[in-house]
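Proteins come first, then strands; the chains are lettered A, B, ... in the order of their sequence lines, and each starts at number 1. FYI, side chains are in, hydrogens and waters are out, and symmetry mates aren't considered; it's all heavy atoms of this structure.
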Amino acid sequence: MAELRALVAVKRVIDFAVKIRVKSDGTGVVTDGVKHSMNPFCEIAVEEAVRLKEKKLVKEVIAVSCGPTQCQETIRTALAMGADRGIHVEVPAAEVDRLGPLQVARVLAKLAEKEKVDLVLLGKQAIDDDCNQTGQMTAGFLDWPQGTFASQVALEGDKVKVEREVDGGLETLRLKLPAVVTADLRLNEPRYATLPNIMPKWRVRCVISTDRGRSVCHSIQQGGFIESSQPVESQEEEDRSDQGWGPGRGPDLQALRD
Amino acid sequence: MEGATVRLLRGRALLRRNFPICLSSWKNPPHVLKSSQSEAGLKTTNKAQPYAPLQTFTDEEMMIKSTVKKFAQEQIAPLVSKMDENSKMEKSVIRGLFQQGLMGVEIDTKYGGTGASFFSSILVIEELAKVDASVALVCDIQNTIINRLIGKYGTEEQKAIYLPKLATEQMGSFCLSEAGAGSDSFALKTKADKKGNYYVINGSKMWISNAKDAGLFVVMANVDLTLVPEANILGQIGHGYKYAIGGLNESRIGIAAQMLGLAQGCFDHTIPYIKEREQFGKRIFDFQGLQHQVAHMATQLEAARLLTYNAARLLEAGRPFIKESSMAKYYASEIAGLITGKCIDWMGGVGYTKNYPMEKYFRDAKIGTIYEGTSNMQLNTIAKRIDSEY
């Protein structure tokens with residue numbers, strides 16, 4: 001079934017090897033100047049998606065990240081591991097604190113519908129908040145079946161067989177596609193991005209300034225041009241429908257990097 | 001807060017927090033707890049900004065650095081003590097270097113290489129050296145001497161034949177020194193006599209790199225001037241000395257990076273220990289005398305870093321770099337010896353044992369002041385440059 005398309009959500013978190021320091025005013029942890037990297041469970045999810053692509057079961061792997069501009073580095077890492085396209089949902093730095101699983105799940109649900117994907121892969125939880133909610137909420141918004149804490153994933157025709165690690169042991173589910181799967185630790189061993197894959201065959205070519213409360217999507221792709229950039233209404237307010245995904249709005253774009 | 005994930009990831013050896021460094025054997029090296037500030041200085045650059053700090057990397061360089069760091073700490077670090085005991089490079093390490101594209105960093109993509117900048121190979125060497133100086137050297141020789149020589153002086157046919165192999169599977173060896181020709185490499189006696197359309201090389205080399213594992217040997221030999229070049233001659237006959245010395249000027253920066261990474265790696269292993277170990281009712285790190293020593297060493301390390309990065313950037317920019325490259329190699333190798341020695345002091349008794357990595361770093365640092373031009377030769381080079389400047 002080489003027509004399947006997969007969406008993988010990746011989160012930029014503080015690197016696990018870093019010593020966390022609490023801010024002196026007690027409002028959170030120090031994130032400025034601290035090394036960040038891709039959530040380890042998200043790496044496992046990306047690796048699974050890329051392996052499915054290599055087995056020719058999935059045609060395209062799209063990596064998504066929600067957050068400030070630096071998330072593009074995380075998306076680049078996913079591209080270097082083998083994803084085909086990247087989408088960055090830009091959230092203004094001031095609003096990042098209010099971005100939680102509910103908001104991200106809404107974004108992912110919308111993107112999954114717009115991009116017409118058959119499989120949404122995520123890490124089971126992020127190592128900074130340990131929420132373990134985004135995958136489940138996304139499935140809820142989409143009304144798709146979900147296979148969480150996956151330790152084995154196999155595509156069988158129009159179904160996906162998921163072996164889950166649960167408290168009582170292992171549970172095997174067969175989900176009808178489209179479905180949401182969250183990756184657990186023993187699903188696979190993520191590959192290292194090889195140096196040739198890191199080298200840019202593409203560049204990020206857009207920056208969108210955002211109004212207060214509005215986030216904007218822009219795409220990063222091999223080949224060096226933006227696919228589309230449309231504002232998506234804020235997740236803090238009610239979920240209003242967006243304006244559709246037609247060709248981009250020219251005047252707002254300016255090159256951020258060469 | 002992170003309890004559940006921590007326990008889970010610890011089982012995977014992805015994460016080791018709250019584990020007293022001073023009690024762990026380094027044969028299963030703990031993930032060194034880094035200060036949250038240690039990566040703070042590294043920023044990416046948008047364009048080639050003028051007046052940007054030397055520690056400004058492009059996005060690709062940044063990504064390359066973090067990937068290599070991860071690879072080195074996860075795949076190479078566990079094997080270091082075994083390789084040291086057996087004096088043998090593990091095949092999986094060599095394979096890993098090739099698979100990750102670390103052996104053809106500067107080679108053009110059309111030959112199967114990565115097509116990255118010279119500075120990227122410097123960063124790769126530094127990150128590898130933080131884990132094991134010998135592995136870093138393998139990578140350094142391949143990238144900064146062998147690949148560069150063939151890339152610069154090879155014909156199109158030679159490049160098409162050798163560069164793809166060097167990028168993907170074949171280790172190279174650089175053969176210059178002899179028993180009677182070390183610092184005075186011009187005194188080499190190996191001869192190449194033309195017989196038909198091939199050369200017969202007679203002589204014996206010493207200290208050739210990677211002898212056990214290499215598949216390609218770049219040999220410097222004396223030739224009669226009347227003879228006609230043959231397919232495997234690199235560049236022009238009679239110019240070999242110039243090529244060798246020119247190549248070494250560039251690869252010197254790689255050695256500086258190796259020594260820099262080595263010193264940094266040793267330092268990174270030591271500081272968490274002295275922040276944990278307590279004597280006389282306080283941490284070793286709390287004694288001002290020791291703090292002064294640490295600060296002094298850290299300053300020297302930073303200076304070596306800046307010398308190395310600057311020399312690499314000068315080379316990339318096509319500007320004169322020979323004096324700076326000599327300074328970088330000389331300084332980095334000297335302070336690597338000092339810092340690793342001091343690290344053993346700070347560790348106390350355990351620093352002297354093989355259970356901890358400092359003594360390996362200390363041993364490995366010694367070669368830095370000797371190979372690719374001894375410290376005295378570097379000082380000669382620098383003085384000659386100064387002479388021509390005034």
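Side-chain contact between Asp59(B) and Arg76(A) is present, with at least one heavy-atom pair separated by less than 4.5 Å.
Open room surrounds NZ on Lys161(A); 12 or fewer heavy atoms of other groups in view lie less than 6.0 Å from it. By the neighbour-count criterion of 12 heavy atoms within 6.0 Å, atom CG of Asp25(A) is densely surrounded, having more than that number from other residues, nucleotides or ligands.
The CD atom of Glu73(A) sits 8.5 Å away from the OG atom of Ser66(B) when rounded to the nearest 0.5 Å. Atom CE in Met81(A) sits 10.0 Å away from atom OG1 in Thr67(B) (nearest 0.5 Å).
Judged as a salt bridge (charged side-chain N to carboxylate O under 4.0 Å, His left out), the pairs with a partner in residues 103-129 of chain B (not counting sequence neighbours) are, in order, Lys65(B)-Glu127(B), Lys69(B)-Glu127(B), Glu106(B)-Arg148(B), Glu126(B)-Arg305(B), Glu127(B)-Lys130(B).
Near-neighbour residues of residues 89-100 of chain B relative to chain A, defined by a heavy atom under 4.5 Å from a heavy atom of that chain, comprise Gln99(B), Gln100(B).
The nearest pair of heavy atoms linking Gly101(B) to Pro196(A) is CA-CD, 4.1 Å.
Interface remark: Thr77(A) contributes backbone and side-chain atoms alike to the contact with chain B (heavy atom separation under 4.5 Å).
Under the side-chain contact (heavy atoms from CB on, under 4.5 Å) rule, Thr114(B) has a single partner from Leu195(A), Thr194(A), Ile198(A), which is Leu195(A).
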